[in-house]
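First up is the structure itself, then whatever we jot down about it.
Computed from heavy atoms alone, side chains included, the values below leave out hydrogens, waters and symmetry copies.
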Amino acid sequence: MKKRWVFWSVLLWSGLAWSQVIDNTPTRVQTTLDPQMTQVGTLTPKSVEEISTSRWTLGCETIDREYSDYQAWKEYLPPLGIQRIRLQAGWARCEKDPGIYDFGWLDGIINDAYARGLTVWLETSYGNPAYEGGGGRTLAGGMPTSEVGLKAWDKWVETMARRYRDKVKDWCVWNEPELFGANNVVKIADFNIRTAEIIRREIPDARIAALAICSPNKKIIEPFLQELEKRGKRDLFQWIVYHHYTANPDDPYARVDEVREIVKRYNPNLRLWQGESGTQSEWCLNGALCKTPWTELTQAKWDARRMLGDISHGADSEVFTAADLDYRTTSFHNGLVRYGLLKTAGQAENFRVLKVKLAYYAVQNIVSVFNDSVEWVEDFACDVTCDKPVAAYGHKDVKTGVPILVFWEKSGRPTDQNETVQATFTWKNPNWKEPVWVDTLTGNAYAIPADRMVVEGENLKLTVPVYDAPVFVTEKSLLTLQESEFVKYQKTKK
């Protein structure tokens, strides 16, 4: 009897020790940030059941190569608020022996995601070494090249599209096809068109993304668009997808603006999509932006700046990635890399979740406000006076037209400090009644003192703190706020 009690006690303790809780309280994130204003509440996180978030995607990549496991962290997806997830289909995992398909692992993910209210963006890559000339199954492994390999690829894509036609509308072809100079633009165009046309035959209303290249590179994007025009395939795709990894997440946006204008010129119906970008939460030996002393705070700042920077330059945005990855089969990526919003153990421990990172909550905060109820104001004009360079963008509530001013200090890579500087923003008076200053990392909202807002004719001069993570100012009534015990206590002292 005693041994049985000890056994169950150990089992229960193990389960409790391994179980994780998503903190939804107003104090879920605490930092040293002090804007010297009165806190009035904290953003309430919203799940996928409460909001529509078609501009955002969450990375759930590499499961096809078993670098991660959806089953280990699927419960954490709906509370994040992002509806669409990115998956790689994994031909080599589905067809280990020529002609014999096993979709069990992929069926399990797509069906579960669908049941949770999520949608799937499915990328058909990579190749399959089971066929001679069938391409490689890993990053930079190479596209199918032989006649037999391409014929098998066509059949694979057709079979998969037919299988998921009722559940998957968003598709992409191949991840980073130009990596290490592997393919020229003509070959990339050939393969994208070939694959997209198969998908379109099976799913006439499919939305298909092209390219998924490593950066917003006009030397690839413009010739690709020219190829589409020349071949009469101008309307085959809905998105042009690019990735980008830079220590300062603001660095690529001049190139994004340039690419956006190029895309508009060739096809105004095409949209940009930042389809994979993230940084790590600690020092790691491998992976993009590795060998740098990243922390959970700098990761959260980086992800937040990238997300809001993307949608403030007319691009949809993907957060890379849901959970940490355990690379094992590439020469340039090996071992655990910590890009995840969730810290996980490696493959040897079944990718169990170790903790929810600060970045998870930052993403929750952003998505709770910047969802389909808000739109970017492309022609927003604002003068900024500050000792440091500041990114400033305009958005507005779709229903009411109430403006949202988004800004952050953009001079370099995010830091582990939360020091603020004062900035003055001057633009057409938004006529806010009760404006609040909201930090995206903590979700904390602060009342803006009246003496910080000066009306001069038709303009408003707003003087508020700025730091190297995104902050926004808008009408308090637009937000759903919770009150911590501290905020309640402050009210009693007035």
Side-chain angles (χ1 to χ4, degrees), residues 20-31 33 39 41-60 73-86 113 116-119 249 277-279 281 296-311 316-324 338-344 353-374 395 404 406 408 414 436-446 469-472 474 478-484:
Q20 298 297 318
V21 175
I22 299 172
D23 188 348
N24 289 325
T25 68
T27 55
R28 58 189 175 272
V29 175
Q30 300 176 46
T31 72
L33 178 68
Q39 186 181 344
T42 303
L43 292 173
T44 301
K46 296 177 181 178
S47 72
V48 294
E49 297 174 348
E50 300 171 272
I51 49 178
S52 173
T53 55
S54 64
R55 300 298 306 279
W56 304 118
T57 304
L58 177 65
C60 296
W73 36 261
K74 60 188 179 183
E75 303 288 344
Y76 294 85
L77 302 185
L80 194 62
I82 295 178
Q83 187 175 45
R84 183 169 52 205
I85 64 173
R86 178 192 181 209
R116 293 178 191 275
L118 305 173
T119 61
S277 184
T279 197
S281 58
E296 285 196 28
L297 177 61
T298 58
Q299 180 198 36
K301 289 180 176 181
W302 196 100
D303 282 352
R305 281 165 59 174
R306 173 50 46 78
M307 290 177 72
L308 288 168
D310 289 340
I311 65 167
D316 291 355
S317 184
E318 194 231 38
V319 180
F320 181 76
T321 182
D324 293 337
R338 299 292 188 185
Y339 296 104
L341 303 181
L342 302 169
K343 185 170 185 174
T344 59
V353 175
L354 301 173
K355 68 178 296 189
V356 177
K357 299 182 190 178
L358 192 155
Y360 182 99
Y361 298 118
V363 172
Q364 265 192 327
N365 290 331
I366 290 170
V367 172
S368 73
V369 176
F370 295 89
N371 48 62
D372 289 347
S373 67
V374 167
H395 295 257
I404 305 172
V406 185
W408 60 88
V436 288
W437 184 99
V438 185
D439 173 42
T440 57
L441 265 59
T442 60
N444 291 337
Y446 300 83
V471 170
F472 65 90
T474 193
L478 279 187
L479 309 176
T480 306
L481 301 177
Q482 305 174 78
E483 292 184 349
S484 66

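- Within the 3.5 Å criterion, the main-chain N or O of Thr480 finds a donor-acceptor partner in the side chain of Thr44.
- Between Tyr76 atom OH and Leu342 atom CG the span is 6.5 Å, to the nearest 0.5 Å.
- Inspection of the Ser368 and Lys46 side chains reveals no N or O donor paired with an N or O acceptor under 3.5 Å.
- Contact record, Ala322 with Leu77: CB-CD2, 4.2 Å, taken as the closest heavy-atom pair.
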_Pair Asp439-Leu33, side-chain contact (heavy atoms from CB on, under 4.5 Å): steps then yes or no_ = CA-CA 9 Å; Asp439 173 42; Leu33 178 68; 3.5 Å; yes
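- The cationic atom of Arg306 (NZ for Lys, CZ for Arg) lies less than 6.0 Å from the six-membered ring centre of Trp302 and within 45° of the ring axis.
- Taking both residues in full, the closest heavy atoms of Thr27 and Ser484 are given as CG2-CB, 4.1 Å, listed atom of the first, atom of the second, then distance.
- For the pair Ile22 and Arg28, the minimum side-chain heavy-atom distance is 4.5 Å or more.
- Closest non-hydrogen pair, Thr298 versus Pro414, comes out as CG2-O, 3.5 Å.
- In this structure, Gln299 CD and Tyr360 OH are separated by 13.5 Å, a value rounded to the nearest 0.5 Å.
- Rounding to the nearest 0.5 Å places NZ of Lys357 at 13.5 Å from CG of Leu297.
- Residues Thr440 and Asn365 bring no donor and acceptor atom of their side chains to less than 3.5 Å of each other.
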_Intermediate values then yes/no, side chain to side chain donor-acceptor pair (under 3.5 Å), Asn371 and Thr53_ = CA-CA 5 Å; Asn371 48 62; Thr53 55; over 6 Å; no
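- Atom-to-atom distance recorded for Glu318:CD and Ile85:CD1 is 10.5 Å, nearest 0.5 angstrom.
- Across every non-hydrogen atom of Ala323 and Thr344, the tightest pair is CB-CG2, 3.8 Å.
- Other residues, nucleotides and ligands contribute more than 12 heavy atoms inside 6.0 Å of the CD atom of Glu50.
- Note that the CD atom of Gln30 and the CG atom of Leu441 stand 13.0 Å from one another [nearest 0.5 Å].
- The minimum heavy-atom distance linking Val438 with Gly443 is given by the pair CG1-O, 4.1 Å.
- Results of the side-chain contact (heavy atoms from CB on, under 4.5 Å) test with Leu118 over Val48, Leu80, Leu58 single out Val48 as the only residue that passes.
- Between Ser277 and Ser317 the shortest side-chain heavy-atom distance does not fall below 4.5 Å.
- Looking at Cys60 and Arg86, their side chains never come closer than 4.5 Å, going by heavy atoms from C-beta outward.
- Under 3.5 Å, the side chains of Thr57 and Arg84 contain a donor-acceptor pair of N or O atoms.
- A salt bridge between Asp324 and Lys355 is absent, with no side-chain N of the basic residue lying under 4.0 Å from a carboxylate O of the acidic one.
- Although no hydrogens or angles enter the test, the distance criterion places no donor-acceptor pair under 3.5 Å between the side chain of Thr321 and the main chain of Tyr339.
- The shortest side-chain heavy-atom distance between Ile311 and His395 falls under the 4.5 Å cut-off.
- Between Arg55 and Asp316 there is a salt bridge, since a side-chain N of the basic residue sits under 4.0 Å from a carboxylate O of the acidic one.
- Using a 4.5 Å heavy-atom cutoff, the side chains of Leu479 and Val436 are in contact.
- Remark: side-chain polar atoms of Asp303 are not paired, donor with acceptor, to backbone N or O of Ala359 under 3.5 angstrom.
- Across Trp408, Phe370, Tyr446, a single residue satisfies ring-ring contact (aromatic ring centres under 6.0 Å, His included) together with Phe472, and that is Phe370.
- Electrostatic pairing of Arg116 and Glu75 counts as a salt bridge here, judged by a charged N lying under 4.0 Å from a carboxylate O.
- Annotation for Pro470 and Leu308: closest pair CB-CD1, 3.5 Å, computed over non-hydrogen atoms.
- Contact of the Leu341 side chain with the Val363 side chain is registered, since non-hydrogen atoms from C-beta on lie closer than 4.5 Å.
- In this structure the side chain of Thr279 never reaches within 4.5 angstrom of the side chain of Phe320, judged on heavy atoms.
- Using a 4.5 Å heavy-atom threshold, the side chains of Pro45 and Tyr361 count as separate.
- Atom NZ in Lys343 sits 6.5 Å away from atom OG in Ser281 (nearest 0.5 Å).
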